[in-house]
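Presented below is the structure to which this report refers.
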There are 2 protein chains.
Amino acid sequence: MMKRQYPTLAEVAKVAGVSLMTASRAINNRPGVSPEKREDILRIADEMGYVVNRAAQKLSGARTRIIAVVAELHTPFTSDLVLGMGAVARAADYEMLVYSLPVCDRRPPGSILDLLHQIADGVIVILPYESDYLESVVSAHIPVVTIEQGAVSAFPSVTADNYQGAISALQHLIELGHRRIAFISGNDRLTSARDRRRAYRDILAQARLPYDPDLEVAGDFSRKSGFEAANKLLALPDRPTAIFAANDISAYGAIAAIREAGLSVPGDISVVGFDDIPIASQLHPQLTTVRQPLQQMARASVNLLLALVAGLDAPSEQIVLPTQLIVRESTTPLKARKRKDEAVKVGVGR
Amino acid sequence: MMKRQYPTLAEVAKVAGVSLMTASRAINNRPGVSPEKREDILRIADEMGYVVNRAAQKLSGARTRIIAVVAELHTPFTSDLVLGMGAVARAADYEMLVYSLPVCDRRPPGSILDLLHQIADGVIVILPYESDYLESVVSAHIPVVTIEQGAVSAFPSVTADNYQGAISALQHLIELGHRRIAFISGNDRLTSARDRRRAYRDILAQARLPYDPDLEVAGDFSRKSGFEAANKLLALPDRPTAIFAANDISAYGAIAAIREAGLSVPGDISVVGFDDIPIASQLHPQLTTVRQPLQQMARASVNLLLALVAGLDAPSEQIVLPTQLIVRESTTPLKARKRKDEAVKVGVGR
DNA sequence: TTGAAAGCGCTAACAC
DNA sequence: GTGTTAGCGCTTTCAA
């Protein structure tokens, strides 16, 4: 079918009456072309509708000024992060391509990373794979930056301080007088989830609160898992007065369950989330949560990647960005008169 | 820096003791290779970790089995659609790359489309551009399918039946006895938004209801715009008893405003949305809305594109998929004793 | 069934 | 400052 619609650099050069290389230099803004010729060539290229062919560019060993991002795009957190990265990349005159990972797979098809390598100058991998697997696949073909891998990563990485963030959330609950604090975990294949869980256990020990396995319920960052986890907690004979959920989405799931049980947030149970997704400040109740520095993470990861692309050595740099507790409506001091023995009606998910 | 880490086809061929072309034929599953050689070559390629270089493949005029999607990824609707497309593409043994459009720009950087053309076999463009602009940029270089362009599109397109969907939503409200029905519009640069608006005006005429310009408030599909639009409506001397919002997100914004004003949904005002995003069945109140056939749209658009890629002529095919009214909790029959003159407290958005 | 040659569009390296 | 050459990895001819 229709091919060769775009003029080639050779055609531009011919029209401009110069050699291919002169045209190339002019187009790429390289030294070694007289100002007049350069201007001439650029004008002609523009008139002819010339567009550089990135495949050819890449094939001949040059940079394409494209970066790629591999991510699971199904959560507000990751999509906002990706949006932010795109903006940063564009500001640096790079384009960004996204590979949206199938949600349930445990590891990325190796061929995808290969594919991206062939097109892009560098890749940012968000989330969920074991570092050693990534390593075996990528093995230094092109620069890679990971997000959320945490300290185990063999790659340069950018991550939020999940541990300290969780600590501050839990400390907030303790300061409010809560003693029976439950934790709804995230998907433990993610370092971020593991860090938040670790903080939960550490803070209990630190505050000399008993660790009750019943209060630590498995979740997977989904709304549904938060809903179900909360129902388990509500069914306990001695239910918690506060819940720390591993992310905002599951926190809202928990809140839904609490309300269906006829209880109120924060009146009966305080809830803290993690991430500070946009709707956390819009939905009722506005959620007390730990803000991840999304924009900074986007900026840091892209800049780190571009530095690597530029050949600057930043060997295995691990950037950890601070998180921030945002106190809103979903938490409140523990009431002195705790109604311990109130009957609990357990709702059922849809 | 590190280059040529991947073995080339030539190297595989040499190890296998065959010519480059024989290896190519074997790898690409083409006829013209003896079964034994084919097996041999495939085994060796696998052992050597051979991966086809798509840039080279594309450059030499072949298919890459990659499709690209251009979309604004900031809404649940588009990201879910993209997710669905990815699944369909993978099922057809294609990979899919996403270009995430900067949200506020009115038109896509032409260079992006060019870029994608150089990598992919075809492109799906979701949303927001004037068809004529797209046309001027793309001009038949490679197959393009558009989503949401509606009838004006010069390209093959897939779209939900926005007009009929809106009609059914409004008819539902009328059947419930509502007479003062407001409309919070979407971003009118989108055909989908224009179709929904058209349905609003048509249904009023059809039901012999007066058209009151005050009841038609401009929105842009965002939660905030829904919130503000609802506040305007609540401030009217004779406020509406029902609101049709152009999408779910702005419907929830409207609901938030109504509640802040001390009124209830659907008790005082019924609200209908559009899209049926996942949380519409989870948030309180569960939203009455018009479901867009997301999976079907994903399937139809990818299949249409792949057909075009395969060279099948489907010239300017316009696929319109049916929508479906989903009645949930946010709508209720108009109360006979309408409290017309109740004082309205107007909240202010954050 | 196989292979050799040419070229896709570009850039790096080395001329002049 | 400018041009020539070679080659990136692959596929399409076309010839054996």
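A, B, ... follow the sequence lines: proteins, then strands. Residue 1 opens every chain.
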| Expressed in angstrom and rounded to an integer, what is the separation of A/L9 atom CG from C/dA12 atom C1'? | 14 Å

| said: Any side-chain N or O of A/T22 below 4.0 angstrom from OP1/OP2 of D/dT2? | reply: no

| A/S34 vs D/dT2: side-chain N/O to OP1/OP2 distance below 4.0 Å | yes

| request: List in numerical order all residues of residues 24-32 of chain A for which some heavy atom is under 4.0 Å away from an atom belonging to DNA chain C. | output: A/S24, A/N28, A/R30

| query | Would you call B/F221 and B/S192 a side-chain contact if the rule is heavy atoms closer than 4.5 Å? | reply | yes

| B/K58 has an atom NZ; how far is it from atom C1' of C/dG9, in whole Å? | 14 Å

| message | Angle between the end axes of the helix from C/dT1-D/dA16 to C/dC16-D/dG1, five pairs per end, to the nearest 10 degrees? | response | 40°

| task | For the residue pair B/I147 and B/M85, establish whether any side-chain heavy-atom pair is separated by less than 4.5 Å. | result | yes

| query | Could you walk me through whether B/V69 and B/L81 pass the side chain to side chain contact (heavy atoms under 4.5 Å, CB included) check? | reply | CA-CA 10 Å; B/V69 175; B/L81 191 51; over 6 Å; no

| query | Under a 4.5 Å cut-off applied to non-hydrogen side-chain atoms, are B/L306 and B/D121 in contact? | reply | no

| query | Hey, does B/V145 have a side-chain heavy atom less than 4.5 Å from the side chain of B/E317? | reply | no

| query | What's the closest nucleotide to the A/M21 side chain, out of D/dC10, D/dG3, C/dG9? | reply | D/dG3

| note | note: B/L59, atom CG; D/dT12, atom P; distance rounded to Å ~ 13 Å

| message | In this structure, how many angstroms lie between the P atom of C/dC10 and the CD1 atom of A/I66, rounded? | response | 14 Å

| request: Check the side chains of B/Y50 and B/E11 for a donor-acceptor pair under 3.5 angstrom, ignoring hydrogens and angles. | output: no

| query | Distance check: side-chain N/O of B/S19 vs OP1/OP2 of C/dT2, anything under 4.0 Å? | reply | no

| query | B/H117 has an atom NE2; how far is it from atom P of C/dG9, in whole Å? | reply | 16 Å

| message | Under 4.0 Å from OP1 or OP2 of D/dG1: is there any side-chain N or O of A/K37 that close? | response | no

| said: Tell me whether B/R43 is salt-bridged to B/E47, with the criterion being a basic N under 4.0 Å from an acidic carboxylate O. | reply: yes

| query | Would you say the side chains of A/T78 and A/E72 form a donor-acceptor pair under 3.5 Å? | reply | no

| query | Which whole-number value in Å describes the distance from A/R54 CZ to C/dT11 P? | reply | 11 Å

| Integer-rounded Å distance: D/dA15 P and B/L20 CG | 19 Å

| query | C/dC10 phosphate, OP1 or OP2: any side-chain N/O from A/S60 under 4.0 angstrom? | reply | no

| Does the side chain of A/Q57 come under 3.5 Å of the side chain of A/T64 through a donor N or O and an acceptor N or O? | no

| Rounded distance (Å) that lies between atom C1' of C/dC10 and atom CD1 of A/I41 | 15 Å

